[in-house]
Structure formats: C-alpha cells, structure tokens
Amino acid sequence: MSEQQDPFVKTFALLIFLMSVLAVGLIILGSVIASLTDSGPDVMEVEAAASRIEPVSKVALTDGTLFVSSSLVPQAPPEKVEPEAEEASAAVVVVLDGEGVYNTACVTCHGTGLAGAPKYADQADWEPRLAQGIDVLYEHSLTGFQAMPAKGGFMHLPDDQIRLAVDYMVAATE
Ligand code: HEC
C-alpha cells in the first residue's frame, strides 16, 4: 500500500500554508504603513482644542492683591514664549488707589456716617479724629476701633491700600 496522501489533503495543506504566509505578510505590511503614517496627535489640533476649552477668566485673591487673568483682557501679541511666561503676561494685578479702596471698603459707613462713623468730607466729624495724628488713624483703620471694624472688614486688602483710603478721606477734609 502506498503512503501517498490524498491529493485533496495535499492541496488543502498547501492552501492553508499560503494563506498563513499571506496573513503574516499583511500584518507586517500593516504595521509598516502604520509606522510610516502615524505621527501622533496633530499639534495644531491639540492647541486649538485647548484654546476652545480654556476658561474665559480666572480670578484669584492672594494676600489681598486681586489677580485677574482673563482671555478678555488684552494680551500681548502672540510670540514664542514659555508656557509659564505666557500665563504671567495674561495676569493683570489690580491695585486700588485710595479712592478705589474707599469706594470698595469704607463708603458704606463713612459715606453716610453710619454707626457714628466720621462722615466723608465732614470737617466737624473729622477734626477730633485728625487731632490724634495720622498714625493713630492708620492704626485704628488697620486694627479696628470700637464700631470701626479692622480694615472696614476687608481683611484681604493690604495695609498700604487701607492707608491710602485714610489719606483719601483725610484729604477730603482739607
Ligand atoms: C462697618 C462700618 C465701617 C466701615 C466699613 C469702615 N468704617 Fe471706619 N469707622 C467706622 C466707625 C463707626 C467709626 C467711628 C469709631 C468710633 O470712634 O467709635 C470709624 C472710624 C474710622 C476712623 C477714625 C478712627 C479714629 O481713631 O478716630 C478712620 C480713620 C476710619 N474709620 C477709616 C476707615 C477706612 C479707611 C475704612 C475702609 C477701609 C473704613 N473706615 C471702613 C465704621 C466703619
């Protein structure tokens, strides 16, 4: 009896072999094409997406100074800068002047004489206060004095700005 294989089995085995070679070949071809064309996420697209989801504004109160960072705030024309430097150029430090502090923190009481507060620009109210000397007025504004709350209750404002508000009120009595 010959050991000759059935021609069908022979053909079938050959076919399976060829298909396996073809499959391996396709896998290799696929990975070669992928490595040639895939250069990672598009940098422009990532940047555009980041700018679309960027918050409109950021506000942080640190130690009495108001930092406003906003895409609505005019910014320097775009130039090649480090990310941190770009962040800093978008931040605007708001420092109030005496009038600004007064209108923010003091006018509620000193505008009307509420609770016995010496009224703004009222000579008679301020005369005995002024007699104590400016340093006492600064001190009482910063630490509080009877019905006068320390810093008018605006504890986050820096001492300098409170003094500016005192100067502003004192100037109005002259
Ligand atoms: C909640 C009300 C209130 C606010 C807000 C307020 N004050 Fe007064 N302030 C008073 C009152 C009341 C007095 C009078 C206190 C007294 O003599 O009994 C006073 C007194 C003063 C005096 C005179 C102190 C003295 O020694 O005679 C100064 C100066 C002053 N305030 C500054 C300020 C400044 C600056 C601000 C804002 C940063 C401010 N105050 C906000 C109520 C207020």
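Atoms within a ligand are numbered from 1 in the order they appear, just like the ligands themselves. Residues: numbered from 1 along the sequence shown. Source: prediction; values computed, not measured.
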Protein heavy atom at shortest distance from [atom]:
{"atom": "atom 37 (C) of ligand 1", "value": "Cys106 SG, 1.8 Å"}
{"atom": "atom 15 (C) of ligand 1", "value": "Phe145 O, 3.6 Å"}
{"atom": "atom 21 (C) of ligand 1", "value": "His110 CE1, 3.3 Å"}

Just going by heavy-atom distances, which of Met148, Arg163, Arg129, Gln146 is nearest to atom 17 (O) of ligand 1?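 Comparing heavy atoms across Met148, Arg163, Arg129, Gln146, the nearest one to atom 17 (O) of ligand 1 lies in Arg129.
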
Check: Arg163 and Leu142 side chains under 4.5 Å, non-hydrogen atoms: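 A side-chain contact exists here, since the closest heavy-atom pair is under 4.5 Å.
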
Side chains of Ile33 and Leu29, heavy atoms from C-beta outward: is any pair under 4.5 Å? yes

At what distance, to the nearest 0.5 angstrom, does CG of Asn103 lie from NE2 of His110?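 Answer for the CG-NE2 pair, Asn103 versus His110, is 13.0 Å.
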
From Ile162 CD1 over to Asp167 CG, what is the distance, rounded to the nearest 0.5 angstrom?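 Spacing of CD1 (Ile162) from CG (Asp167) equals 11.5 Å.
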
Numbered atoms of ligand 1 (with element) below 4.0 Å of Ala115, judged on heavy atoms: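 Counting from 1, the qualifying ligand atoms are 12 (C).
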
Taking heavy atoms and a distance under 4.0 Å, where does Pro118 meet ligand 1: side chain, backbone, both or neither?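 Answer for Pro118: side chain.
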
When you look for heavy atoms under 4.0 Å from ligand 1, do you find them on the side chain of Ser141, its backbone, both, or neither?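 For Ser141, the contact with ligand 1 is made by the side chain alone.
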
Could you confirm whether Cys109 has any N/O/S atom lying under 2.8 Å from atom 8 (Fe) of ligand 1?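 Looking at Cys109, which is the residue asked about, there is no N, O or S atom under 2.8 Å from atom 8 (Fe) of ligand 1.
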
Do ligand 1 and Lys151 have nitrogen or oxygen atoms that lie under 3.5 Å from each other?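 No, there is no polar N/O contact under 3.5 Å.
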
Taking distance alone, with N or O pairs closer than 3.5 Å, would you say Thr108 contacts ligand 1?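 In this structure, Thr108 places no N or O atom under 3.5 Å from an N or O of ligand 1.
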
For the student: nearest non-hydrogen atoms of Ala105 and Lys151, plus distance: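 That closest heavy-atom pairing would be CB-O, 4.5 Å.
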
Donor + acceptor pair across side chains of Asp97, Tyr102 (<3.5 Å): no

